[in-house]
Number of protein chains: 2
Amino acid sequence: MALDHAILVSLLEQPGSGYELARRFERSIGYFWTATHQQIYRVLKRMESDGLLDVREVPQEGRPDKKEYSVAGPGRAALSLWLHEPIEPESLRHDLAVKIRGAAFDDPAALVREVERHRQVHGERLAHYLAGELRDFTGPEAPVPLDAGQELQHVVLRGGIAYERMTVAWLDDVLATLGRLGRGGPRT
Amino acid sequence: MALDHAILVSLLEQPGSGYELARRFERSIGYFWTATHQQIYRVLKRMESDGLLDVREVPQEGRPDKKEYSVAGPGRAALSLWLHEPIEPESLRHDLAVKIRGAAFDDPAALVREVERHRQVHGERLAHYLAGELRDFTGPEAPVPLDAGQELQHVVLRGGIAYERMTVAWLDDVLATLGRLGRGGPRT
DNA sequence: GAGCGCATGTAAGCGGTTACATGATTTG
DNA sequence: CAAATCATGTAACCGCTTACATGCGCTC
């Protein structure tokens, strides 16, 4: 149940509405955790009724009113508690790898287009992350020096960058392997 | 619902019982997909009643009898269908990254031990994968040349290796960053 | 007038986790 | 004699996904 904690962290970094949170989960927080708005609204409601969050109705002009959530005392305590608990190192869960092994029992060449598509998506994510890094942390517009929170955000972003870079390289490896198989093996 | 397909692939590679599948999901298939035996038994039963799998009761001596599952015609067709469907490129879901960003609102130094623990686990997984690669694909005992199925298994394993290597390097980066913050920033 | 961005929700279903349960055989 | 391995299951819960629903204002 780390969605709760991801929301707490995001709201500590910056209070906001469910809608805004959902957008953050498509960007920065989304580097390592995804969530849809339906999920977020439900969790926000539950956390608010549990006293972990405060709500403030914010009337707006030209836009629907919104509810701005912020972290209450008990919410901060709950986060602190979780931060001191050990968690399990995660394991991968990669559908594409299942497909690749499955290709042995079907037509490997048919997989090429699919792998190319994934490669492109990951390449775009990589470019997106790199642009964000330049904008927020390493470019001329970035604050110098970075405070502790920014340093931590940066190292997490570097993790996302490393992941996408690794994935792109691996998918190239997969494509090369499929190509070799398609040409009937390496007996030049 | 890729567990179904992971099971189909695993049973095509080698028929076996639910128990054996559970053990494979701790090893080779587990490089990119995890599942517990409770889950596996339920899915096996469902797939069998849907006609995707065949069962054969295998009496054993000194051990409980087992049910050996193998892929039936419709199961192979279902896999083939899935292989030709596009799937969504996956996103990360990394609790530890949430913790790292959350550390900004708590004590960053308290996270060091946790990160070190994760680093060790991923280091061990990396060593385990490398040993498997040597045993099955690149060592003197490995078959030469590899057939298509083995080439595909190998490229998936290389993905697992690349992932663990990347993760270990990133966790070192995280530890270095936490160290810098603990010493009060990079002012010499 | 269509489509997009802002903003908030409900409902159904299922995949996955956790806990519990059984029972034989082999190993320390 | 306890613990681990082999072997198969049930039950409860919950987090997450998917689909559906509403309504305003701005832009093309």
Side-chain angles (χ1 to χ4, degrees), chain A residues 1-8 15-27 29-30 32-50 53 55-69 82 85 87-95 98, chain B residues 1-8 15-27 29-30 32-50 53 55-69 82 85 87-95 98:
Chain A
M1 202 189 346
L3 174 57
D4 298 42
H5 305 110
I7 286 176
L8 285 172
S17 68
Y19 188 83
E20 284 164 354
L21 278 174
R23 269 173 44 235
R24 287 186 216 168
F25 275 85
E26 287 168 7
R27 297 185 305 108
I29 300 275
F32 50 86
W33 200 270
T34 57
T36 57
H37 76 273
Q38 295 89 335
Q39 228 185 112
I40 290 167
Y41 282 122
R42 240 183 322 131
V43 174
L44 282 175
K45 193 168 277 186
R46 196 193 68 227
M47 291 173 79
E48 196 256 315
S49 79
D50 288 351
L53 301 179
V55 206
R56 198 167 58 96
E57 287 273 348
V58 178
Q60 294 187 123
E61 283 170 22
R63 293 181 181 184
D65 296 352
K66 66 175 182 180
K67 297 179 185 169
E68 195 183 76
Y69 290 91
W82 178 71
E85 268 171 23
I87 51 172
E88 280 297 297
E90 344 236 335
S91 302
L92 277 180
R93 198 159 266 218
H94 211 139
D95 293 67
V98 179
Chain B
M1 198 184 356
L3 174 57
D4 298 42
H5 305 110
I7 286 176
L8 286 171
S17 68
Y19 188 83
E20 284 164 354
L21 277 174
R23 270 175 41 239
R24 288 185 215 168
F25 274 86
E26 288 167 7
R27 297 185 307 105
I29 299 274
F32 50 85
W33 200 271
T34 58
T36 58
H37 76 272
Q38 295 90 336
Q39 229 185 111
I40 290 168
Y41 283 121
R42 237 181 326 130
V43 173
L44 282 175
K45 193 167 276 186
R46 196 194 68 228
M47 291 173 80
E48 195 258 316
S49 80
D50 288 351
L53 300 179
V55 206
R56 198 169 58 97
E57 287 274 348
V58 178
Q60 294 186 120
E61 283 170 23
R63 293 181 183 187
D65 297 352
K66 65 175 182 178
K67 297 178 184 170
E68 194 183 77
Y69 289 91
W82 178 71
E85 268 170 25
I87 51 173
E88 280 295 299
E90 345 235 333
S91 300
L92 279 179
R93 198 159 265 215
H94 210 140
D95 294 66
V98 178

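Chain identifiers are assigned alphabetically (A, B, ...) following the order of the sequence lines, protein sequences preceding nucleic acid strands; residue numbering begins at 1 within each chain. Note that the structure is predicted; figures quoted are calculated from it, not measured.
- Under the ring-ring contact (aromatic ring centres under 6.0 Å, His included) criterion, Y41(B) pairs with H37(B), not counting sequence neighbours.
- Whole-Å rounding puts the F25(A) CZ to dG15(D) P distance at 15 Å.
- Under the salt bridge (Lys or Arg N to Asp or Glu O under 4.0 Å) criterion, E20(B) pairs with K66(B), sequence neighbours left out.
- Annotation: side chain to side chain donor-acceptor pair (under 3.5 Å) contacts of Q38(A) (sequence neighbours excluded): T36(A).
- Here E68(B) pairs with R56(B) under the salt bridge (Lys or Arg N to Asp or Glu O under 4.0 Å) rule; sequence neighbours left out.
- With sequence neighbours excluded, the residues satisfying side chain to side chain contact (heavy atoms under 4.5 Å, CB included) with L92(A) are Y163(B).
- With sequence neighbours excluded, no residue forms a side chain to side chain donor-acceptor pair (under 3.5 Å) with R23(B).
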Readout for nucleotides 3-13 of chain C: B = base within 4.0 Å of protein heavy atom, S = sugar-phosphate only, - = neither; 5' to 3' it is --SBBBBB---
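- In this view, S91(A) satisfies the side chain to side chain donor-acceptor pair (under 3.5 Å) rule with no residue, not counting sequence neighbours.
- If you take CD of E90(B) and P of dC16(D), they are 16 Å apart, rounded to a whole angstrom.
- Checking the phosphate oxygens (OP1, OP2) of dG15(D), no side-chain nitrogen or oxygen of Q39(A) falls inside 4.0 Å.
- Taking atom CZ of R46(B) as the reference point, atom C1' of dG16(C) lies 12 Å away to the nearest angstrom.
- Remark: E85(A) CD is packed, more than 12 non-hydrogen atoms of other residues, nucleotides or ligands lying under 6.0 Å away.
- Rotation axes derived from the C1' atoms of the five outermost pairs at either end of the helix from dG1(C)-dC28(D) to dG28(C)-dC1(D) lie 40° apart, to the nearest 10°.
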